[in-house]
Amino acid sequence: MSTVAWITLVSPLVAAALILLVTRSSKPLAAGLAILSSLIAALGAWIIFTRGVDADFHGFNWVDFGPSFTLPFGIALDPLSRTMLVIVTSISPLVFIFSLGYMKGEEGYCRYFAGLALFLFSMLGIVLADNLVMMFIFWELVGVSSYILIGHYFQKDSAADAAKQAFIVNRIGDFGFMLGILLFWIATSTSTTAGTISFAGLNASAGNINPAVLSVAVILIFCGTVGKSAQFPLHVWLPNSMEGPTPVSSLLHAATMVAAGVYLLARIFPLLSASPEAAEIIAWTGAITALGAGLLAIGQDDIKRILAYSTISQLGYMVTAAGLAVSAALPMFHLFTHAFFKCLLFLSAGSVILGMHHEQDIWKMGGLKNKMPLTFLAYCAGMLALSGCPFFSGHYSKDLIMACAWDHHRGVFWVVVIAAALTPFYMARQALVVFFGSPRSEAAKHAHESPRVMTVPLVLLSIPAIGAGWPFIEHLFFHEIGPLAEPEVPGFVPLVFLGAFVAGIALALVLYGKAVKDPLRIPLLENRFYIDTLYEWIVANVQGGFARLLAFVDRWLIDGVLVRGSATIIWTLGFALRFLQLGNIQAYAFFFGAGVIALIYVLLTVH
Amino acid sequence: MLLSAFWFFATLMIAFGTCVVLLRNPVSCAMSLVMSFVSLAALFFTLDAPFIGIIQVLVYAGAVMVLFLFIIMLLDLRTEKSRTLNIGATAGGVLVVAAFLCILIRIVTSTSAFSLPIPPQHDPQISDVRMIGMTIFHSFGLPFEVLGVLLLVATVGVVVLSRKTLR
Amino acid sequence: MPTLANYLIASGLLFAIGLGGVLLRRSIIIIFMSLEMMLSAANLSLIAFSRFGLVSGQQNYDPQVLVFFIITVAAAEVAVGLAIIVSLYRARRTTHVEDLDHLKF
């Protein structure tokens with residue numbers, strides 16, 4: 001079974017290497033290798049899942065300094081990683097196949113598939129890692145793959161900048177992550193045993209760590225989640241990452257990579273539940289993100305950016321669910337359903353964009369439901385799932401989160417409910433503007449349905465988008481991870497949820513049913529709460545000022561005083577001493593004699 | 001009797017030494033130095049070291065000073081013309097000498113061990129030539145041989161250094 | 001009876017005179033002669049210690065051997081030194097010490 005696990009992990013890497021090194025020129029071969037590797041990974045994942053393997057395979061020691069300091073590489077298979085494995089490897093082949101149609105005729109085809117394969121390898125590494133450091137390494141690798149893929153159209157300034165921003169903002173979060181890892185390592189090391197960074201070891205020793213240290217360390221690790229899962233205040237990179245090709249947006253920035261942050265929180269769940277202060281902060285961060293991103297999604301006009309802010313909002317839900325500290329399964333369940341319907345939504349958006357010849361402004365679309373019926377149906381499935389329509393997958397997971405919020409944390413509950421009301425509003429807005437009404441531009445008039453290589457994955461994804469939340473499926477995947485019993489809530493809470501859903505759709509119908517241009521223009525939302533302006537100001541002034549200070553220190557203190565100053569001092573001393581070379585024998589004899597006298601005197605007086 | 005001998009020869013030695021430093025004519029200086037060495041040899045005799053005294057007269061007064069006189073004659077040194085006195089250098093020299101004398105007096109008068117008279121010998125008749133010879137050839141054989149080599153090297157060096165032209 | 005202090009002071013005085021000669025006279029030959037005087041003063045000191053420091057009832061002969069060596073080495077040194085002075089005179093035509101300052105900075 002360990003071979004199966006290792007093959008699952010490594011096959012995408014092999015594909016990426018082969019594509020980059022061997023098959024540079026052959027497009028079908030590159031795509032075929034990538035798709036083949038993803039299918040192999042999927043097969044391996046399902047084998048592991050159905051067998052119900054619970055094991056910890058030790059691979060090798062990456063760093064080995066004896067028992068006091070080793071960094072092992074290993075694969076941990078437990079219910080959590082098995083489920084996540086299934087999610088990642090089931091979506092990836094569909095996205096890869098969709099890319100065949102979407103990226104047809106685009107430049108950098110082979111580079112794209114190599115990047116996707118590298119991403120899949122890195123993501124599987126995160127899922128299967130058995131210790132924090134290994135996960136961190138793959139975390140960074142995922143960031144690299146994201147950088148490569150977002151900057152796919154690197155000749156465009158906006159794409160290159162977006163890739164840089166994604167990487168740098170993630171790095172800021174990863175700094176906290178690293179500190180958290182170090183803190184955990186220190187906190188778990190005693191005088192006799194070395195510290196541990198493996199999940200098994202950490203989760204077991206949750207009770208032994210000083211509570212204050214535990215809270216701080218959990219918050220620091222949460223910083224990694226804030227970066228990777230685009231929580232406030234590090235959310236700014238995700239909307240800009242939409243510069244990458246749409247399949248990339250669907251796979252990385254909707255379904256899997258951004259979910260890695262939530263996966264991390266689920267992994268360290270025993271530590272999280274042992275520190276209530278950290279859980280509180282996590283819950284509020286998630287709630288604020290959910291509400292803020294929901295508000296921002298209302299003011300967006302780009303089809304992908306609406307979905308991007310929606311992703312941020314849903315990630316906020318997941319983080320809130322983690323912060324409620326009810327069970328590791330709660331955020332994972334929403335991650336599960338979200339992966340399917342958000343990926344579906346992005347892929348259908350990609351289909352729309354391709355049909356519109358790469359036009360992305362929703363106000364230039366319209367009446368596409370007749371021209372692209374399959375895409376429209378897939379989109380509806382995804383939209384209803386996202387909005388929490390009963391019977392669809394999203395309803396079950398969101399409902400559960402809200403019930404647990406009512407039970408555990410009233411403040412967060414109300415914030416989350418408002419966000420839940422916004423979601424159907426902006427999704428219905430998007431649906432109405434894009435698919436209904438009459439075409440608002442030439443491209444919309446001549447839009448056509450996408451080829452089958454793209455619509456088949458859409459249809460295939462619609463199935464879990466609808467059904468992934470149903471009780472027996474939930475039981476199949478999550479009953480081993482943690483308890484997901486619906487808490488006892490007064491009867492009006494599900495009604496509140498339903499009411500929010502209906503109200504949102506109704507409001508959207510009213511405002512956007514027959515709109516030709518956007519009736520709602522809120523500058524605050526359009527400028528994204530001015531957070532971007534703030535960050536620009538910080539970088540320009542704070543960092544710039546700091547850089548100037550350092551330049552001053554380097555130039556005047558280090559260069560001038562230390563380096564040139566010491567050289568000058570030595571030179572001056574040498575120059576002064578030169579005057580002792582008089583050339584006169586008697587002068588030398590005088591110095592000699594005086595020195596001897598002084599020596600004798602010193603020897604006499606000091607004993 | 002030994003004391004009066006000591007005082008006589010010591011005073012003579014110091015006086016002629018001062019003459020070396022003060023006289024202007026180099027030949028006069030050389031002759032004063034010869035007399036100083038002879039007095040020194042006398043002092044060696046009072047210290048029961050006749051062999052060393054003889055050697056002092058033979059080598060130092062006899063050979064070394066003669067060599068000095070030869071060189072003075074070779075270089076045709078006249079009375080040195082007095083130049084302007086360099087106050088700083090003179091003061092420095094005098095200072096160093098005075099400091100040395102002070103330290104010397106202080107050391108010599110510090111212990112009472114230096115004030116004891118000459119201790120009697122077990123057997124005053126032992127020939128010191130014999131004893132010196134025994135000591136050299138028993139304990140200091142190697143330095144003795146090296147000394148021979150040193151003299152050879154010095155000879156060769158002198159011949160090389162005093163060649164008239166450097167070809 | 002003369003004491004060791006007497007001999008040591010005599011030796012020290014001779015040494016001081018020699019030192020003064022080295023520092024104050026300006027002719028290189030005179031300086032060299034004063035140097036020899038300093039060496040002889042050291043010899044006197046050594047012989048004095050030889051007589052006053054008894055070893056198993058007899059005077060200690062090791063300092064006398066040292067004096068023997070010193071005299072020999074001094075003789076060799078004088079020879080070589082005077083040869084150097086001669087070649088110096090041939091090159092510079094002066095024995096005045098203040099004129100020999102070509103190694104000045």
Side-chain angles (χ1 to χ4, degrees), chain B residues 2-3 6 10 13-14 17-18 20-21 26 29-30 33 36-37 40 43-44 47-49 52 55-56 59-60 63-64 67-68 71-72 74-75 77 80 90 93 96-97 100-101 104 108 114-119 121-123 126 128 131-132 135-136 140 143 147 150-151 154 157-158 161-162, chain C residues 1-10 12-21 23-27 29-30 32-34 36-37 40 43-44 47-48 50-52 54 57-59 61-62 64-65 67-69 71-76 78-80 82-87 89 95-96 98:
Chain B
L2 210 55
L3 190 63
F6 165 77
M13 179 182 75
I14 299 293
T18 324
V20 171
V21 176
C29 294
L33 192 56
S36 185
F37 282 157
L40 184 58
L43 277 179
F44 283 161
L47 278 171
D48 286 324
I52 297 296
I55 293 294
Q56 171 88 357
V59 172
Y60 250 121
V64 170
L67 186 57
F68 264 109
I71 297 300
I72 293 173
L74 180 68
L75 300 184
L77 291 178
E80 61 179 82
T90 321
V96 169
V97 173
F100 175 75
L101 279 174
L104 173 75
V108 169
F114 290 165
S115 317
L116 300 172
I118 297 184
Q121 291 198 85
H122 201 241
D123 185 357
I126 290 184
D128 67 329
M131 289 314 296
I132 289 181
T135 317
I136 290 183
F140 300 109
L147 212 56
L150 179 79
L151 287 173
V158 167
L161 278 171
S162 36
Chain C
M1 302 304 276
T3 62
L4 183 57
N6 292 9
Y7 282 103
L8 287 183
I9 292 190
L13 267 174
L14 192 63
F15 186 89
I17 293 170
L19 187 58
L23 291 176
L24 296 172
R25 290 299 297 257
R26 247 77 48 81
S27 169
I29 298 285
I30 310 294
F32 212 36
M33 281 198 258
S34 314
E36 293 310 308
M37 209 162 34
S40 309
N43 287 348
L44 176 60
I47 300 294
S50 152
R51 180 63 183 87
F52 280 81
L54 294 186
Q58 279 295 107
Q59 59 175 303
Y61 284 101
D62 287 348
Q64 296 201 9
V65 170
V67 165
F68 179 79
F69 287 165
I71 293 178
T72 316
V73 173
V78 163
V80 175
L82 286 175
I84 293 178
I85 290 176
V86 163
S87 27
Y89 183 80
T95 55
H96 203 257
E98 275 171 14

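Letters A, B, ... mirror the listed sequences (proteins, then strands); counts begin at 1.
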Parallel, tilted or perpendicular: which fits the ring planes of C:F15 and B:F100, with parallel below 30° and perpendicular above 60°?
tilted
Please evaluate residues B:L74 and C:Y89 with respect to the criterion side-chain contact (heavy atoms from CB on, under 4.5 Å), reporting the C-alpha separation (whole Å), side-chain torsions for both, the decisive distance (0.1 Å), and the verdict.
CA-CA 10 Å; B:L74 180 68; C:Y89 183 80; over 6 Å; no
Can you sort out the partners of C:S87 under side chain to side chain contact (heavy atoms under 4.5 Å, CB included), two or more places apart, ordered by chain and number?
none
For B:V158, is it the side chain, the backbone, both or neither that has a heavy atom under 4.5 Å from a heavy atom of chain C?
both
One should read off an interatomic distance between C:S27 OG and B:L75 CG, to the nearest 0.5 angstrom, of 9.0 Å
For each of C:F32, C:F68, C:F69, tally heavy-atom pairs with chain B at distances under 4.5 Å, and name the one with the top tally.
C:F69
Just verifying a value: how many Å separate C:S40 OG and B:M13 CE, rounded to the nearest 0.5 Å?
9.0 Å
First locate atom CG of B:D48, then atom CZ of C:R51, and finally report the distance between them rounded to the nearest 0.5 Å.
4.5 Å
Residue part contacting chain C, namely of B:A49, when any heavy atom lies under 4.5 Å
both
Please find the pair of heavy atoms, one from B:V21 and one from C:M37, that lie closest to each other, and give the distance.
CG2-CE, 4.3 Å
Which atom of C:M33 lies closest to which atom of B:A30, heavy atoms considered
SD-CA, 3.6 Å
With side chains defined as the heavy atoms from C-beta onward, is the minimum distance between C:N6 and B:L3 less than 4.5 Å?
yes
Please flag which part of B:L47 lies under 4.5 Å from any non-hydrogen atom of chain C: side chain, backbone, both or neither.
both
Can you see which heavy atom on C:Y61 is nearest to which on B:I132, and at what distance?
CD2-CG1, 4.1 Å
Between B:L2 and chain C, which part of the residue has a heavy atom less than 4.5 Å away: side chain, backbone, both or neither?
both
Taking atom CD of C:Q64 and atom CD1 of B:I55, what is their separation to the nearest 0.5 Å?
11.5 Å
Atom pair CG (B:L101) and CG (C:L19), whose distance is rounded to the nearest 0.5 Å:
9.0 Å
Considering only heavy atoms from C-beta outward, does the side chain of C:L14 approach that of B:S36 to under 4.5 Å?
yes
Which residues satisfy the ring-ring contact (aromatic ring centres under 6.0 Å, His included) test with B:F44, sequence neighbours excluded?
none
Do you know which of C:I47, C:I9, C:L13 has the most heavy-atom pairs with chain B at a distance under 4.5 angstrom?
C:I47
Between C:I30, C:V78, C:L44, which has the largest tally of heavy atom pairs under 4.5 Å with chain B?
C:L44
In Å and rounded to the nearest 0.5 Å, what is the CZ to OG1 distance from B:F6 to C:T3?
7.5 Å
Here the pair of heavy atoms bringing B:L67 nearest to C:A79 is CD2-CA, 3.8 Å
Can you name the nearest heavy-atom pair linking C:A83 to B:L161, along with the distance?
CB-CB, 4.0 Å
Which pair of non-hydrogen atoms, one from B:I14 and one from C:A10, has the smallest distance, and what is that distance?
CD1-O, 3.9 Å
